[in-house]
Amino acid sequence: MKEISVLDKTFKRFKNVEEINTSIKVIAEKINKDYEGKTPLFLGVLNGCFLFAADLLREITLDCEVSFVKVASYKGMKSTGEVNQLIGLDRSLEDRDVIIIEDIVDTGNTIENIVELLTKAGCNSIKIATFLLKPEAYKKSIKVDYVAMEIANKFVVGYGLDYDGFGRNVKELYVLKD
Ligand code: 5GP
């Protein structure tokens, strides 16, 4: 479909299944090479990563472990601002080579928080694999190691990404119509 409606908004098709698959195969190949002889732990960040993680991991030929976390924010008791927490971590990360799987890196605030939390957990190395990166919006200095697609600073849905909870199950990527 060329256009879809999600709640009150209209989105137009942006990337088809073939383009998505090709971009994922490219980064999977790089990861397979970079981690040869290692046993990385892939850590998917839910909810948005679920389709990307499934497709990326099917292309990974390494011995590896896979786990998923959610990022939760809560207000400190004395309103010191938002503190992020990783929920669902079921593995020790000590001395592990961790590859974070993200759906999208926009300003980089979320990924910076996650990397900070993982660093405290004593990982041997931390790298980031993201389906999408918005270079114009990205404001952090942390290297985003594996990027399937760079996109303009526009709102997208589908392929795991939602608009107000909807649209995650759409198998192609759509962009908000101006
Ligand atoms: P950041 O912390 O990098 O600014 O933003 C990360 C989060 O914002 C993503 O995990 C995602 O939930 C949301 N986000 C940023 N850009 C988009 C977008 O274009 N579409 C959707 N659906 N979510 C986005």
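Ligands are counted one by one from 1 in listed order, and the atoms in each one are counted from 1 as well.
Side-chain rings of Y174 and F11 stay apart, their centers remaining 6.0 Å or farther from each other.
Numbered from 1 in the order shown, with element, the atoms of ligand 1 that lie under 4.0 Å from a heavy atom of D103 read 10 (O). Residue F155 has at least one heavy-atom neighbour below 4.0 Å for each of these atoms of ligand 1: 18 (C), 19 (O), 20 (N), 21 (C), 22 (N), 23 (N). Close contacts of ligand 1 with N109, meaning ligand atoms under 4.0 Å from a residue heavy atom, involve 2 (O), 3 (O). With ligand atoms numbered from 1 in the order given, ligand 1 contributes 19 (O) to contacts under 4.0 Å with heavy atoms of K154.
Side-chain N/O atoms of Y159 and N169 include no donor and acceptor closer than 3.5 Å. Inspection of the K70 and N47 side chains reveals an N or O donor paired with an N or O acceptor under 3.5 Å. In the model, D95 has no side-chain atom that pairs as donor or acceptor with a side-chain atom of N124 under 3.5 Å. No hydrogens or angles considered: nothing links the side chains of T39 and D63 as a donor-acceptor pair under 3.5 Å.
Shown here for F52 and A129, the closest heavy-atom pair between the two residues is CE2-O, 3.9 Å.
Ranked by closest heavy atom to atom 1 (P) of ligand 1, the top entry among T107, L176, I151, L132 is T107. Here the shortest heavy-atom distance to atom 14 (N) of ligand 1, taken over L133, V156, V157, I104, belongs to I104. When the options E112, E102, K134 are ranked by their closest heavy atom to atom 19 (O) of ligand 1, first place goes to K134. Taking only non-hydrogen atoms, the option from V71, T110, I114, N47 nearest to atom 6 (C) of ligand 1 is T110.
Contact analysis leaves G48 out of contact with ligand 1, as no non-hydrogen atom separation drops below 4.0 angstrom. Y163 does not count as a contact of ligand 1, since none of its heavy atoms falls under 4.0 Å from the ligand. Taking 4.0 Å as the cut-off, I111 does not count as a neighbour of ligand 1 on heavy-atom distance. For D162, the heavy-atom gap to ligand 1 drops under 4.0 angstrom.
Put simply, the side chain of E19 gets close to the backbone of N16: a donor and an acceptor are under 3.5 Å apart.
Of the charged side-chain nitrogens involved, none lies within less than 4.0 Å of a carboxylate oxygen, so that E3 and R13 do not count as a salt-bridged pair.
In this structure, atom 8 (O) of ligand 1 has its sub-4.0 angstrom surroundings free of protein heavy atoms.
No part of V45 comes within 4.0 Å of ligand 1, judged by heavy-atom distances.
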Per-pair distances, 0.1 Å, donor-acceptor, side chain in residues 150-158, under 3.5 Å, sequence neighbours excluded:
none

